[in-house]
Amino acid sequence: MFEISLDRVTWLHRVPAGVKLAVLALAGAAVFLVADHRVLGGFVAVALLLPLSARLPVRAVARQSLPAAILIALLAGFHVLTSEPDTAIEVSARLATVILLAVTLTLTTRVSAMVEAIETAARPLRLVGVDPAKVGLTLSLAIRFIPVLFALVSEIREAQKARGLEGSVVAVVMPLLVRTLKMADDLADAIAARGYDAE
Amino acid sequence: MTVKDMVYAALFAALTAALGLLPMIAVPGLPVPIHAQSLGVMLAGGVLGAKRGGLAMVVFLALVAAGLPLLSGGRGGIGIFLGPTGGFALGYIPGAFVTGWFVEKFWSRLNIVAALVACVIGGIGMVYLLGIPWLAAVAKISFMKAATGSLAFVPGDLVKAVLASLVAVSMKKSYPMIGRR
Amino acid sequence: MIEFDQVTMRFGELTVLDRISLSIAERRVAVVGANGSGKSTFARLLNGLIAPTDGHVRIDGLDTVKDARAVRRKVGFVFQNPDNQIVYPLVEEDVAFGLKNLKLPKDEIRTRVDAVLARYGMEHLRTRPAHLLSGGQKQMLAISSVLVMEPAYVVFDEPTTLLDLRNKRRVTRAIAEMPQTAVVVSHDLEFLEDFERVLVFEGGGIVCDAPPAVALPFYRDLMASVPDV
């Protein structure tokens, strides 16, 4: 569940996460600056070819882009109905490009590599007093908590079901909070006990 | 940032992810089903306060951007922020911060009404404040159209605000986090 | 050498430890007591996780409050629930965490991580996500992550409470074999029979301080005689 990047390794998998992020950011900006339909068509074509060249399974790409695709279709329909077919083409081409590129990035990059790229990208924040190493540690802590929380949510839901409280969000959330805050306090102690200095 | 800041922010980021797992609830009379995820926004602010709550949402969204499928329905990846609904997701950050800011203001006399005001202004107001113009700009539709389209989600968000306020008030009694070092 | 000098610990109105003085030079020391007797507080004072309300705790002459950083390096701490002390998502990252805090060079971190994983038969788990480990594996990971830092003392807070019989044996063997001084808080009396010294806590004080042959029967009688309130 936590590594949606797939096992097959191609040239695109080997490109550093930071480079892929930068390309995505540039392409995302560029695509909103052009209105020429031919150029937009070129963008869409490249965005369609990239996942193929990374040999990503079509099903995985489709599953990741489906929610966005539905929204794009709705928007395009809306613009056609309000008799702005040009806008319909522009909006759907832009969004399709950006979404496809982003899905390709996600499917060819390990989560740990992305976390590292985020830590690197956070370096300039040092100027405003944010320590990039702390950013990395906090993200790792959250990744560490997620499976624990997922398991607790299912466990508590079972217990509430047994007591006939299913569907009550408060009955799930309150015990979850009290248990996990205690865990967070312990974890903070454990981090200190292992010599971490937050200054 | 202290160790506690980091641990609590990470915890509420994970909690927001876990809430995305709860099944959508169809409420009779509401146009769209409610999903529990954006409850995490109001809970982060309402339980942790402004700074730690906002930080929790930064962490949650960073993980989504990193590609973890944590948004309800198993969505994830940086594409979320570039799409038409990206503003709503980014609005989680000021949403939790502002909720927390008001809860801290009302802290000494926090009751269900005060908590509700905080959740509505932060968890709903701030999220829509970013979400609607973003939707209008990216989808090239008028601001009014974007606003009317988003209106369908308001009743569900109000239900969540009530839930979050209940939790915030009972947490203050049983496990107060604001003012804790 | 661990020294407690007139140590009192209060949380608000509640006095958890009352003027404790003792020194420990033995290598295997056990701490037993009912829930709420002050034994966990005693353990947490040892590496400065909490500071005494009154008095001083010294480790090899270092004050746990004034020389907090040096004390943390000297005294490792293994908590009861491994889930609450594993910091990083992957096994090898978690083992490396304490070493990164010591600011060791990368090569040395790798060598030490390799050595400790090999020592406890966990090489095959090194890139495994920690949440997929069994309870026993998690506790061994928690112990490895502390021992890799090579502390001179290790405090264990009920290390076997959550484990099944086989993993209990694995953890007790690891503790028995390690060269460091171990202070172990436990309810697991069988495991404490080979220790050199047992401290029995009751009502915020030490009511018996003796070798296991004397202290364990004393503790059993105490638990049988005191009604549960």
Side-chain angles (χ1 to χ4, degrees), chain A residues 1-2 4-5 21 24 28 64-65 67-68 71 75 78-79 87 90-91 95 98-99 101-103 105-106 109 111 114-115 118 130-131 134 137-139 141-146 148-150 152-154 157 167 169-170 172-174 176-178 180-181 183-185 187-188 191-192 196 198, chain B residues 1-15 17-19 21-23 25 34 36 39 43 47 55-56 58-60 62-63 65-71 73-85 138-141 145 159-160 163-164 166-167 170-171 174-175 177:
Chain A
M1 170 194 267
F2 291 97
I4 46 180
S5 304
L21 268 174
L24 175 66
Q64 288 284 320
S65 2
L71 204 54
L75 286 171
F78 171 80
H79 284 300
T87 316
E90 277 168 37
V91 169
L95 289 177
V98 170
I99 302 288
L101 288 180
V103 167
L105 165 79
T106 299
T109 314
V111 170
M114 285 294 288
V115 170
I118 291 172
V130 178
D131 179 350
K134 287 183 182 171
L137 176 58
T138 312
L139 292 181
L141 281 171
I143 294 177
R144 166 73 200 103
F145 273 132
I146 287 167
V148 179
L149 269 282
F150 277 20
L152 277 177
V153 166
S154 336
R157 273 182 67 200
V169 176
V170 177
V172 173
V173 171
M174 282 298 294
L176 189 66
L177 283 180
V178 173
T180 53
L181 283 168
M183 176 182 173
D185 285 337
L187 195 64
I191 290 172
Y196 185 81
Chain B
M1 245 198 314
T2 65
V3 173
K4 292 259 160 144
D5 290 341
M6 294 192 273
V7 173
Y8 292 141
L11 177 64
F12 273 72
L15 175 73
L19 287 173
L21 279 191
L22 294 178
I25 310 161
I34 304 180
L39 188 59
L43 286 177
V47 177
L55 195 61
V58 173
V59 173
F60 174 68
L63 292 179
L68 293 179
L70 302 179
L71 284 177
R75 291 172 302 137
I78 198 154
I80 305 291
F81 302 101
L82 303 168
T85 57
V138 173
K140 279 205 149 189
I141 55 181
K145 287 256 160 50
V159 173
K160 279 179 265 185
L163 292 176
L166 287 170
V167 173
S170 33
M171 281 301 286
S174 58
Y175 209 101
M177 296 296 298

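Heavy atoms only: backbone and side chains are in, while hydrogens, waters and symmetry mates are out. Residue numbers start from 1 in every chain, and the chains themselves are labelled A, B, ... in the order their sequence lines are given, proteins ahead of strands.
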Test item: Lys140(B) side-chain N/O and Val91(A) main-chain N/O as donor-acceptor pair under 3.5 Å: no
Does any N or O in the side chain of His79(A) come within less than 3.5 Å of the main-chain N or O of Ile141(B), such that one atom is a donor and the other an acceptor? no
Interchain contact, Phe81(B) with chain A, by part (heavy-atom threshold 4.5 Å): neither
Audit row: Leu11(B), Leu187(A), side chain to side chain contact (heavy atoms under 4.5 Å, CB included) steps and yes/no: CA-CA 11 Å; Leu11(B) 177 64; Leu187(A) 195 64; over 6 Å; no
Closest non-hydrogen atom pair between Lys134(A) and Met1(B), with its separation: NZ-O, 3.0 Å
If you count heavy-atom pairs within less than 4.5 Å of chain A, which of Ala18(B), Ala62(B), Ala164(B), Ala65(B) leads? Ala18(B)
Between Leu181(A) and chain B, with a heavy-atom cut-off of 4.5 Å, which part of the residue counts as in contact: side chain, backbone, both or neither? both
Which atom of Ala142(A) lies closest to which atom of Val59(B), heavy atoms considered: CB-CG1, 3.7 Å
Counting heavy-atom pairs closer than 4.5 Å to chain B, which one of Val153(A), Leu141(A), Leu101(A) comes out on top? Leu141(A)
Given that the side chain runs from C-beta out, which part of Leu137(A) has a heavy atom under 4.5 Å from chain B: side chain, backbone, both or neither? side chain
Going through the checks in order, is the side chain to side chain contact (heavy atoms under 4.5 Å, CB included) test met by Leu177(A) and Phe12(B)? CA-CA 9 Å; Leu177(A) 283 180; Phe12(B) 273 72; 3.5 Å; yes
What residue in Ser170(B), Ala13(B), Ser174(B) has the most heavy-atom pairs under 4.5 Å with chain A? Ser170(B)
Supply the atom-to-atom distance Ile146(A) CD1 to Phe60(B) CZ, rounded to the nearest 0.5 angstrom. 8.0 Å
Just to verify, what does Thr87(A) make a side-chain hydrogen bond (donor to acceptor under 3.5 Å, both in side chains) with, not counting sequence neighbours? Glu84(A)
Atom pair CG/CD1 of Leu70(B) and Ile143(A) - distance to nearest 0.5 Å: 9.0 Å
Quick one, Phe145(A) with Val7(B), criterion side chain to side chain contact (heavy atoms under 4.5 Å, CB included). Give me CA distance, side-chain angles, the key distance, then yes/no. CA-CA 9 Å; Phe145(A) 273 132; Val7(B) 173; 4.1 Å; yes
Across all chains, not counting sequence neighbours, the side-chain hydrogen bond (donor to acceptor under 3.5 Å, both in side chains) partners of Lys145(B) are none
List the steps and the verdict of side chain to side chain contact (heavy atoms under 4.5 Å, CB included) for Val173(A) and Leu43(B). CA-CA 10 Å; Val173(A) 171; Leu43(B) 286 177; 3.7 Å; yes
Side chain / backbone / both / neither for Leu139(A) at chain B, heavy atoms under 4.5 Å: both
If you count heavy-atom pairs under 4.5 Å with chain A, which of Leu63(B), Val138(B), Leu55(B) comes out on top? Leu63(B)
Got a second to check how far Asp185(A)'s CG is from Met177(B)'s CE, nearest 0.5 Å? 6.5 Å
